[in-house]
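One structure is given below, encoded as structure tokens.
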Amino acid sequence: MTERQPTPTDWTALRHPLFWGALALLVVNDHLLKGSGLLPGWLTGKLSDFAGLIVAPIALGALLGRLLGARTRHARAFAFALVGGWFAGANLFAPVAAATSALGAWLGLSWRFWVDPTDLVALAAMPVAWRLGQPGRAPAGALTERLALGLALAACVASPPPEPFWNTAAFLYNATDEDLELHVRWVEADLDCEAMRASFADALPREVFGAGTTFAVRAQSTLPLDRGVALGVGRDRPAPTVTHSGNCDAILVRGGGVPETLIFWSELGVRVIPADVEDDADRAAVAGGLHLVGGRDGAPIALVSAAGYLHAVPVDVYDGGASCRDYGEVRGFDWSELPRWVEQPLRIDAIRPTIDGCLLLELVERRSGWGEDGAAHEVFLCVPPEDFPFHQNAEVRITSDEADLRIVRDLEREDGTSWRTGELRVVRARGLFFEGPFRAQLTTVDPTCRGERLACGGFRLPGAVGLAMDGTTRYVHPGELVERVAADGRRARLRVGRAESMSVTRAACGAARDQLGARMDILVSYGEEPR
Amino acid sequence: MNSSKITWLAIAAALAGCASDAASSGTGREGPMGSRAVTQGGAQDIGHFRAIVGRGEVPEPSTIEPVGFFAEHAVDLPPADCGDRVCLHANLAVAPGIDQESNWTMAFLAMNTPVDPRALARPDVHLVLAIEDTARTALSASDVQAAMRALLNELMVDDRVSVVRIAETVEVLAEGLGPADPALAGVVDRFSRGATRAALYDGLARAAIAVDDVTAAGFEGAHRVVLVTSGTADAGITDAMRIVGLSDALASRSIGVSVVGLGEGYRPELAMQISEGGGSSYYYAEGGRDLEAIFRLEGRTSLYPLATDFELVVEPAPGYRVGRVYGARRAWSEQAAAYLASPVLMVGNRTGSADVGEGRRGGGGGLFVELIVVPELAAGIGAGAPAFHATARFTDAETGERIVRRLEVANGLAPGANPSGMFPHFSDPLRGKAFMMLNMYLSLRTTVELYHAGDCAQSLGIVPAMVATYEGWQAEYDDPDITADWQLLTALSDNVGRQCTGVTPVAPVAPMSCFYD
């Protein structure tokens with residue numbers, strides 16, 4: 001195979017009108033438009049990215065091919081990969097951006113880069129640039145191409161720093177004339193955004209906010225409040241992991257003359273805002289945000305919020321829970337996990353009550369076809385003992401997962417059909433629940449209850465299970481029992497263990513209350529009686 | 001044992017959930033002989049917080065455990081001569097707020113007992129060791145062997161020992177064996193560190209069943225559970241409320257659950273809640289050697305129940321509402337009342353060698369309830385009117401009698417009025433130290449809270465704001481507990497200062513009082 005040598009035909013792209021157009025745009029944008037106030041900062045930044053990703057890889061490819069004598073295709077590919085890789089890295093990873101800025105400083109150039117994943121959209125220009133750079137027939141080294149290469153390198157290297165901006169839904173604009181140090185603590189709990197709109201101050205005590213970070217917010221500058229943006233910029237600390245139900249978040253902010261304030265926002269769309277507010281265009285861009293105003297002539301600094309933001313003083317002594325009642329005793333239902341491989345029949349070797357009202361079931365595997373006992377298992381089952389419909393030595397089958405446990409006892413009739421003599425189903429239901437003759441749904445019973453703060457930092461709304469019965473709704477409170485006859489004639493008993501809704505939760509609330517939304521612990525048992 | 005590394009949250013304490021002899025308080029003042037303060041279970045000092053400050057760092061607010069802080073102090077109470085096994089006492093302090101203008105009205109409730117555990121015969125003890133064997137606790141067989149040997153050496157011949165291994169499932173390795181039974185030596189071979197999860201509830205429930213089994217076999221002594229845990233329940237039944245409820249159920253049968261936290265990723269929240277059922281102690285061990293020392297102490301410990309099903313309700317009198325409550329993690333408040341409940345109150349005794357470890361062990365503690373004046377309801381109420389009522393209900397553990405005791409405490413000043421001068425008004429002027437103790441706790445907590453909230457200036461402003469109060473108090477009482485608190489506070493403030501260079505302190509806004517000008 002004959003290797004293709006570098007040819008004097010590789011500088012074609014440097015003469016292409018599109019290259020010149022991109023080069024002109026880069027120069028005009030960087031040196032005339034940026035900072036002029038004619039265009040918003042975010043737009044001039046994006047223009048530079050698009051133009052730069054056409055000019056830079058073509059110019060670098062041409063330069064490498066010339067200087068290194070490398071094969072044209074390889075030099076071009078290397079140049080595109082280098083520019084594209086660096087651009088993506090600098091916009092995704094703070095260390096790459098910081099290293100680039102440091103390199104610029106070392107070279108005496110004022111390069112400044114910010115991590116901004118939305119800039120990656122400019123990579124769309126690279127295929128265009130690649131196509132322009134296809135080898136043509138123009139002789140290398142012609143005056144036009146040399147001029148283009150020189151201008152391109154100068155434009156790329158001497159590009160002024162872009163105007164910094166943020167892509168964030170929530171932000172705070174320091175509209176005062178003072179530089180402020182603000183300490184921001186993000187909530188470290190999962191929030192039900194819909195419920196929080198009405199009760200964020202009641203529901204969020206100081207204890208559910210993290211340690212936070214202090215930000216120096218210069219006068220007439222902005223601070224992004226989206227935790228991923230604020231904590232990701234120039235810092236290697238991960239954002240606290242929370243999973244809100246909906247689009248919202250909450251912070252506790254104080255410092256710089258700003259009294260401790262709880263701020264909640266919801267349903268805000270991500271927008272581009274300038275980091276520094278310098279002109280009318282910037283001021284228009286930050287309209288509708290959270291503004292700090294005042295501070296002149298000793299006036300106090302005040303917080304002014306727009307639509308989508310709510311703020312309040314933290315509530316130290318919350319008494320809204322005084323009107324909240326559980327009209328019964330909340331005792332959720334629980335069970336130990338069974339080994340996954342237990343699918344064969346089990347004999348209940350012993351049933352022992354525990355001191356906290358649960359049952360220890362000593363189970364023995366029955367080997368199919370052998371009629372012999374196999375391995376033994378101990379399982380704790382926390383349901384009222386009177387609702388457990390089985391007796392010692394009963395042979396049962398158990399299926400279970402984290403939210404649903406079913407124990408059945410089937411006896412075989414002489415005709416080969418089976419007769420289900422007893423059944424217990426225990427569920428942790430989140431929405432509607434259907435079992436036998438029961439149609440259940442979580443229902444709020446006390447309209448004056450604003451919610452109850454829990455020691456774990458959670459916030460709950462007590463409820464009851466509403467059973468649709470004969471065209472009406474019957475409320476079954478925690479601890480209560482209802483009996484009905486199933487369609488197959490069996491007598492079915494439904495008991496409620498827990499009926500509530502969590503609008504704030506965190507891991508400390510335990511397995512029973514670490515999920516947002518409705519939660520009903522319900523058991524349905526069918527007694528051992530003939531049909 | 002490296003006592004500088006270990007966090008002795010209860011070792012050598014007044015035996016958690018137990019009592020301390022007020023006469024040996026170390027305050028330099030004679031306490032009422034024969035009376036012992038009844039404190040809560042759980043942490044008995046703030047050794048972990050103190051160690052962090054000693055390293056020159058600023059601890060997280062969660063590390064200053066109020067129950068442990070107050071338990072370090074000796075607090076004088078009136079003699080326990082109420083005729084019951086548990087006596088309730090109350091005091092009221094009225095002082096200016098830290099801004100020297102606002103009003104700070106605080107109730108204090110505490111209990112003591114005339115029961116002297118040293119005079120009681122030591123019952124036979126059945127100890128159930130429920131030990132988590134996972135990669136998190138990383139206990140080797142030799143660790144377990146050394147700890148068990150230390151424990152067994154302290155037991156009497158008629159005592160009994162059961163061992164429950166907690167992993168993804170639980171396993172009873174020994175049940176009701178005598179301390180000299182050779183079978184106990186074999187259980188250590190079952191510890192492998194191979195499990196990745198722990199069925200904490202299942203282990204504790206199995207321990208409770210072992211108690212029943214040993215009782216059924218004819219054992220008539222006292223039972224206690226020692227739980228060794230990484231603080232995480234991630235197998236079996238994992239609901240934290242149910243686990244704490246099981247511990248409470250054990251406590252209500254006068255079976256204490258001592259908790260030993262262990263492991264690098266140890267999470268204290270659940271473990272501390274388990275230990276606060278009123279039964280026993282809470283410890284944190286950094287390794288096998290610490291565990292050995294803790295087991296030795298547990299072997300020397302005996303607990304005697306005083307009361308079960310204890311409830312305390314503090315209701316503000318007209319003109320006041322309830323604000324914050326301090327001193328008891330299990331207390332909660334509403335505007336209408338503050339509440340504290342505990343399944344059991346016990347008094348403890350320990351045989352063997354003298355006190356060990358660092359820190360102070362005053363055995364003090366109680367419940368502080370802030371009373372906030374409601375101006376529109378307080379109009380027309382003058383000096384000497386009631387400020388609050390306290391009602392204690394409990395069942396005498398010996399007689400089974402349900403006892404209700406009610407106290408009323410008056411404010412010598414009109415609601416919201418500050419005393420003339422900066423000396424506080426106390427309803428019991430001889431016993432105001434508890435409020436100074438609270439002030440020192442709030443000073444420490446507020447300093448770390450403000451620092452971690454990013455407010456260096458206010459954080460550094462705590463010591464200047466409190467110095468007159470401290471010096472004034474010490475000029476009058478020269479209390480070594482308060483001296484130690486102040487040294488800790490100034491060391492903490494120095495640490496803050498090193499992190500906040502060039503910051504000028506400013507007067508803090510904090511819910512504290514100013515006792516002296």
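When reading the values below, keep in mind they use all heavy atoms of this one structure, side chains included, and skip hydrogens, waters and symmetry mates. Here is the naming used below: chain letters follow the sequence lines, and residue numbers restart at 1 for every chain.
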Atom pair OG1/NE2 of B:T169 and A:H377 - distance to nearest 0.5 Å: 10.0 Å

Side-chain donor or acceptor of A:H183 paired with backbone N/O of B:H452 under 3.5 Å: yes

A:F380 versus B:I209, closest heavy-atom pair with distance: CE2-CD1, 4.1 Å

Check against side-chain contact (heavy atoms from CB on, under 4.5 Å), A:R331 and B:M241: CA-CA 10 Å; A:R331 286 187 71 83; B:M241 285 175 61; over 6 Å; no

B:R253, part contacting chain A, at a heavy-atom distance under 4.5 Å: side chain

Gap between atom SG of A:C456 and atom CG of B:L270 - 0.5 Å precision: 12.0 Å

Approximate separation, where rounding is to 0.5 Å, of B:L246 CG and A:T354 OG1: 7.0 Å

Residue part contacting chain A, namely of B:L204, when any heavy atom lies under 4.5 Å: neither

Rounded distance (nearest 0.5 Å) linking atom CZ of B:R242 with atom CZ of A:F333: 9.0 Å

SG-CG distance between A:C382 and B:D239, expressed to the nearest 0.5 angstrom: 9.0 Å

Working for side-chain contact (heavy atoms from CB on, under 4.5 Å), residues B:Y201 and A:S336: CA-CA 9 Å; B:Y201 172 88; A:S336 308; 5.7 Å; no

Under 4.5 Å from any heavy atom of chain B - which part of A:I355: both

Under 4.5 Å from any heavy atom of chain A - which part of B:Q273: neither

Residue B:A199 versus chain A: region with a heavy atom under 4.5 Å: neither

B:I243 versus chain A, the contacting section by heavy-atom distance below 4.5 Å: neither

Non-hydrogen side-chain atoms of B:V172 and A:E378 separated by less than 4.5 Å: no

Segment of B:A457 engaging chain A (4.5 angstrom heavy-atom cut-off): neither

Rounded distance (nearest 0.5 Å) linking atom OG1 of B:T238 with atom CD of A:E337: 8.5 Å

